[in-house]
Amino acid sequence: MKQKLFTTRFKRYLAYLTLFLTPIILLFTTKIKLTEKERIEYFFQGFIKLTPIAFLINSAFNWHAENESFLYGLYAVLFINAFIGVLTHRKLKSFDIGEFFKSTLITVIVVFGVYFSLDQIDNSIPEGFLSIAFTSSVQILTLMFPLAKILRNSFILTNGKFPPEFLIEKLYNYERDGNIKEFLEIIKKEE
């Protein structure tokens, strides 16, 4: 039943995509004879449909270029989170590939959604110390979600040996009451 529902949805989305792209395909085809008026009409339909998509893609690439160094670190953290999560769930014999992809996709969407949204606030802050402090705070906040999962899963993988139990307790306290100061003080003492 699930497979049939998926197939039906896939066919529906494919039909929508085909209808969406038809004017663009007709504009560039040489197999069908079109009048100049029809070509101009298809050009404007294609232009109207593709302009917002091109704008969004261009904006995403520009945003990525501006935040490239942080984002590469974030990609690494997300990959490590996924890898350690797989190892942990295999150890606990609770690994499910479907749940893994769902959980990873949700994590990626949440992390990028929060980071992108908070990063947009930074555009309204004048350049200077406040802007740098806000950007750093947003990046730390963004990293905390996958890092917390890495720490928890590492604790399970090492049977409670690493990271130290007091750090895990502070992490749970941070997640419960949002007091990051206590959690960061513990990390600074470790350095």
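Computed from a predicted model, the values in this text were never measured in an experiment. Position 1 is the first residue of the sequence; numbering continues from there.
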Check: Ile32 and Leu34 side chains under 4.5 Å, non-hydrogen atoms: yes
Do Phe101 and Ile109 sit in the same hydrophobic cluster, where Ile, Leu, Val, Met, Phe, Trp and Tyr count as joined when their side-chain heavy atoms come under 4.5 Å apart? no
Would you please classify the geometry between the Trp63 ring and the Tyr115 ring as parallel, tilted or perpendicular, with 30° and 60° separating the classes? tilted
Sidechain-backbone polar pair: Ser103 side chain, Glu99 backbone, donor-acceptor under 3.5 Å: no
Spacing of Leu17 atom CG and Leu21 atom CG [to the nearest 0.5 Å]: 4.5 Å
Between the OG1 atom in Thr142 and the CG atom in Leu147, the distance rounded to the nearest 0.5 Å is 10.5 Å
Hey, what do you get for CG (Leu50) to CD1 (Ile24), rounding to the nearest 0.5 Å? 3.5 Å
Group every Ile, Leu, Val, Met, Phe, Trp and Tyr by side-chain heavy-atom contacts under 4.5 Å, then state whether Phe116 and Tyr72 land in the same group. yes
Please step through side chain to side chain contact (heavy atoms under 4.5 Å, CB included) for the pair Leu141 and Val138, ending with a clear verdict. CA-CA 5 Å; Leu141 178 69; Val138 167; 5.7 Å; no
Atom CZ of Arg39: over 12 foreign heavy atoms under 6.0 Å: yes
pair Phe134-Ile121: side-chain heavy atoms closer than 4.5 Å: yes
Could you measure the distance from the CG atom of Leu105 to the CZ atom of Phe100? Nearest 0.5 Å is fine. 11.0 Å
Just wondering, do Lys149 and Thr107 contact through their side chains at under 4.5 Å, heavy atoms? yes
Hydrophobic cluster identity match, Ile40 and Phe28, side-chain contacts under 4.5 Å: yes
Determine the interplanar angle of the Phe83 and Phe79 rings, folded into 0 to 90°, and report it as parallel if under 30°, tilted if 30 to 60°, perpendicular if over 60°. parallel
Which pair of heavy atoms, one from Gly46 and one from Pro23, lies closest together, and at what distance? N-CB, 4.4 Å
Are there more than 12 heavy atoms of other residues, nucleotides or ligands under 6.0 Å from atom CD of Glu127? no
Mind running side chain to side chain contact (heavy atoms under 4.5 Å, CB included) on Ile84 and Val86 for me, showing each step along the way? CA-CA 5 Å; Ile84 290 179; Val86 167; over 6 Å; no
When hydrophobic residues are tied together by side-chain contacts of less than 4.5 Å, even through go-betweens, does Phe95 share a cluster with Leu92? no
Lys91 side chain to Asn159 side chain, donor-acceptor N/O pair below 3.5 angstrom: yes
Please check if Tyr75 and Ile106 belong to a single hydrophobic cluster, counting links between Ile, Leu, Val, Met, Phe, Trp and Tyr side chain heavy atoms closer than 4.5 Å. yes
For the CZ atom on Phe112, are there more than 12 heavy atoms of other groups (residues, nucleotides or ligands in this structure) within a distance under 6.0 Å? yes
Please round to the nearest 0.5 Å and tell me the distance separating atom CG of Leu143 and atom CG of Asn81. 11.5 Å
Assess the side chains of Ser131 and Asp122: does a donor N or O sit below 3.5 Å from an acceptor N or O? yes
If you define the side chain from C-beta out and look only at heavy atoms, does anything of Ile150 sit under 4.5 Å from Val77? yes
Would you check, one step at a time, whether the test side chain to side chain contact (heavy atoms under 4.5 Å, CB included) holds for Glu38 with Thr35? CA-CA 5 Å; Glu38 290 172 327; Thr35 66; 3.3 Å; yes
Chi angles and distances behind the side chain to side chain contact (heavy atoms under 4.5 Å, CB included) call for Phe20, Ile53: CA-CA 12 Å; Phe20 181 80; Ile53 295 170; 3.8 Å; yes
If you measure from OG on Ser69 to CG on Leu71, what distance do you get to the nearest 0.5 Å? 8.0 Å
Indicate yes or no: at least one non-hydrogen side-chain atom of Phe155 is less than 4.5 angstrom from one of Glu165. yes
Should we say atom CZ of Phe162 is surrounded by more than 12 heavy atoms from elsewhere, each under 6.0 Å from it? no
How far apart are the closest heavy atoms of Gly85 and Asn153, and which atoms are they? CA-ND2, 3.6 Å
Just wondering, do Tyr13 and Phe10 contact through their side chains at under 4.5 Å, heavy atoms? no
